[in-house]
Undergrad: 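Please find one structure pasted underneath; my questions will follow.
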There are 2 protein chains.
Amino acid sequence: MGALPNHINILLKFVQNLNKTGFLIKLTWERSQNYMNLESIAKLSGVSRSTVSRVINDSPNVSSAAREKVLSVIQQVDFQPNIAARSLAAGKTQVIGLVIPTHITRLFSDPFFPLLIQGISSSCNASDFSVMLWLSEPEHERRMIRKILYNGIIDGVIISSSVINDPLVNALKERDLPFVMVGEPIDKENTNFVDVDNQSGALRAVLHLARIGYKKIATITCALNTAVGISRLAGYEEALHQANLKFDSKLVMEGDFSQESGYILTKRLLVQKPDAIFVASDPMAQGCYRALHEAGLTIGKDIAIVGFDDLPFSPHMSPPLTTVRQPIINMGQMAVEILINSIQDANRPVRQLYLPTELIVRSSCGLS
Amino acid sequence: MGALPNHINILLKFVQNLNKTGFLIKLTWERSQNYMNLESIAKLSGVSRSTVSRVINDSPNVSSAAREKVLSVIQQVDFQPNIAARSLAAGKTQVIGLVIPTHITRLFSDPFFPLLIQGISSSCNASDFSVMLWLSEPEHERRMIRKILYNGIIDGVIISSSVINDPLVNALKERDLPFVMVGEPIDKENTNFVDVDNQSGALRAVLHLARIGYKKIATITCALNTAVGISRLAGYEEALHQANLKFDSKLVMEGDFSQESGYILTKRLLVQKPDAIFVASDPMAQGCYRALHEAGLTIGKDIAIVGFDDLPFSPHMSPPLTTVRQPIINMGQMAVEILINSIQDANRPVRQLYLPTELIVRSSCGLS
DNA sequence: ATATGATTTGGGAGCGCTCCCATATATTAC
DNA sequence: GTAATATATGGGAGCGCTCCCAAATCATAT
């Protein structure tokens, strides 16, 4: 935008040379695209650039006459202020970064991330923010961090599923750039995050099974090096305790969120003949269903299943899966809200939010 | 960045007031963050700002001595040029936009989009581009278009699944901003796009069924208002023709990509007693499997199924699904490559790329 | 030796915006 | 009425970068 395009420059040189030969040719030009800037809006509305800027930024010190005039002009010409210029001048861009590590294979099999992205995006749209997406790959991590910190375009960052001692988190802290994590981090001190209350969700699910009367309740856990895995297992144990059932480690299998692990571990569990299984994520419950079908068991009669997530496919499983609903879209929205707040007011206290879950009873555990 | 932070300004005013009372207090300050810019790199390497800029932009007219010096300094201090400033000065940002319409419910149930995003993102990482993500919502569409066109931050756009007469496409054409579509658009004239060869993929799939010996081959199509739906159906018809089977419209059901539609339409098809079904997308094949299981049919023996997509879950279905593999990640990568090319050279001819598919034979059609 | 050309270098201007300051105008107090 | 204050406005400077031009340096030809 700054410089003239090449073909104009070439023409210009050509004309200059002609002029040296004794001719006198004049060349005039203007931009064909109707680029608008504050100055042109100002001219159109009969005020100064500064006043236009004040109107756009909702400054109180503008007469209502001026404000109305400017707003109507902006409306009319469909003006959009240049983010890059604003970034340079003020260091604020209304752009946030969303970082998802790709080593998570869940990204491609589990609708969790699409839903999260959807929540984040819709909330950003509503607040007039934009989203920059980075699927972080280990080999480009250093460069990505550098860009996030210094390219001058990001006001804040949402990070999903960090690892322990994440270099990005450290860099953000050092640089003092606002960020929010989705999913409780291992080291949660002084860190904004949004998560669901995994433990109480799991508690409720398993208690539901116990109240129906199941006695030998097994579980397939999520990866136990994640906060999610740990909390849901803790909920399971607490429920057994409350129901006066005793914990049996042979009934606990550690999965990894994948369908495949649900399939394999269910087969392994069947040796113990459980009468119910709490499968700590719905994709694993899909694998579990497959194993049970192959074993010739009728779900909801021979064995009860409760999942965790309530993803779009869960009501369409056969039989429909009883599961703990996570408000994934809402998590994304809250993450954005917290982030925007701390962008706009750097002194806002740290927020750590656990959203409530809900038990959705369908027919996979024998009721209804 | 431009202005001083509030607390410094307050302090400053305070000191100025003190000075009026007869005291003389001096206040000095500097930025604690080690912001680097071309000027500081220049100072550190003993050359001028211009030379640093030339090195960063790979301009040929730099002595190798200067280039090495500058590069080593950049390396040492981990310098990242400010995108916003570059955007203002040169109109190039190394940022592309990715637009996905949210009215597509596929986004949340079908791993197609996560995989596409993955391909796009990895390719951008490799080329040092960044991705801005917009899930376009109808109510914010106008503003989104305005932002894409005029906020000065986007060099080009990738659009997935446009609708007919998409206002975004029209705006991009008018503004002359480079863009690439993923998925053949209805109006493809003069438009860059990447797609797979849907027709020949479907042809091969159905021909495979015919060669095994199935005679009554039904199909569940994708939505027929999409290019995908039309092409795959055309491939089905062509295969019947080549195999000397006659087309029967009662064996054709129009689905909408969803599991649910696969389920319902399979039930409806079973009345016709087909011996094989070509299901034009794998998520619909999941629904189809469910209907067949409920009907007590053994897939691969009583009835043969071939899908289209080869998604991560397809090999884990029971029985594993024979399907047409789409190189989704590769589509994303090619879209980025084409886009970057046309950003860097505006006169590049239009590219319309059909990537080949591959038939992956598993046990759902009775072989192997 | 000088003249000519090619290569390399440094500094000025300006992209569109925000912030600050100085000035102009409106409001209130006396 | 004037003085004091509050509110509204316009213009300058500068954010970090790229591009352009002019000057300096180097290489080659005469």
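The chains referred to below are lettered A, B, ... by the order of the sequence lines, with proteins before strands, and numbering in each begins at 1.
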Undergrad: Could you check whether A/Ser122 and A/Asn125, counting side-chain N and O atoms only, form a donor-acceptor pair closer than 3.5 Å?
TA: no
Undergrad: Between atom CG in B/Asn57 and atom P in C/dT8, what is the gap in whole Å?
TA: 17 Å
Undergrad: In whole angstrom, what separates A/Gln94's CD from C/dC17's P?
TA: 14 Å
Undergrad: Nearest whole angstrom, please: distance from the C1' of C/dG16 to the CD1 of A/Ile74.
TA: 14 Å
Undergrad: Quick one: does any side-chain atom of A/Ser127 pair with a main-chain N or O of A/Ser123 as donor and acceptor, under 3.5 Å?
TA: yes
Undergrad: Nearest-Å distance, CD1 (B/Ile153) to P (C/dC17)?
TA: 13 Å
Undergrad: To the nearest Å, how far apart are A/Ile83 CD1 and D/dC15 C1'?
TA: 16 Å
Undergrad: Using nucleotides 8-11 of chain D, report all nitrogen or oxygen pairs with the protein that are shorter than 3.5 Å.
TA:
residue : atom : partner : partner atom : Å
D/dT9   : OP1  : A/Ser63 : OG           : 2.8
D/dT9   : OP2  : A/Ser63 : N            : 2.9
D/dT9   : OP2  : A/Ser63 : OG           : 3.4
D/dG10  : OP2  : A/Ser48 : N            : 2.6
D/dG10  : OP2  : A/Ser48 : OG           : 3.0
D/dG10  : OP2  : A/Thr51 : OG1          : 3.1
D/dG10  : N7   : A/Arg54 : NH2          : 3.0
D/dG11  : N7   : A/Ser50 : OG           : 2.9
D/dG11  : O6   : A/Ser50 : OG           : 2.5

Undergrad: Rounding to a whole Å, what distance do you find between B/Leu88:CG and C/dA13:C1'?
TA: 14 Å
Undergrad: Does atom CD of B/Gln75 have more than 12 heavy-atom neighbours, drawn from other residues, nucleotides or ligands, at distances under 6.0 Å?
TA: no
Undergrad: Is there a donor-acceptor pair closer than 3.5 Å between any side-chain N or O of B/Asn82 and the backbone N or O of A/Gly152?
TA: no
Undergrad: Take the protein atom CG of B/Asn37 and the nucleotide atom P of D/dG16, then report the distance between them rounded to whole Å.
TA: 5 Å
Undergrad: From the set D/dC17, D/dT18, C/dC17, return the single nucleotide nearest to any side-chain atom of B/Ala90.
TA: D/dT18
Undergrad: Answer yes or no: is there a donor N or O on one side and an acceptor on the other, between the side chain of A/Thr93 and the main chain of A/Val95, under 3.5 Å?
TA: yes
Undergrad: Should B/Lys92 and B/Asp155 count as an ion pair when the cut-off is N to O under 4.0 Å?
TA: no
Undergrad: So, OP1 or OP2 of D/dG16: does either fall under 4.0 Å of a side-chain N or O from B/Asn82?
TA: no
Undergrad: What is the distance, to the nearest angstrom, from the CG atom on B/Leu38 to the P atom on C/dG14?
TA: 19 Å
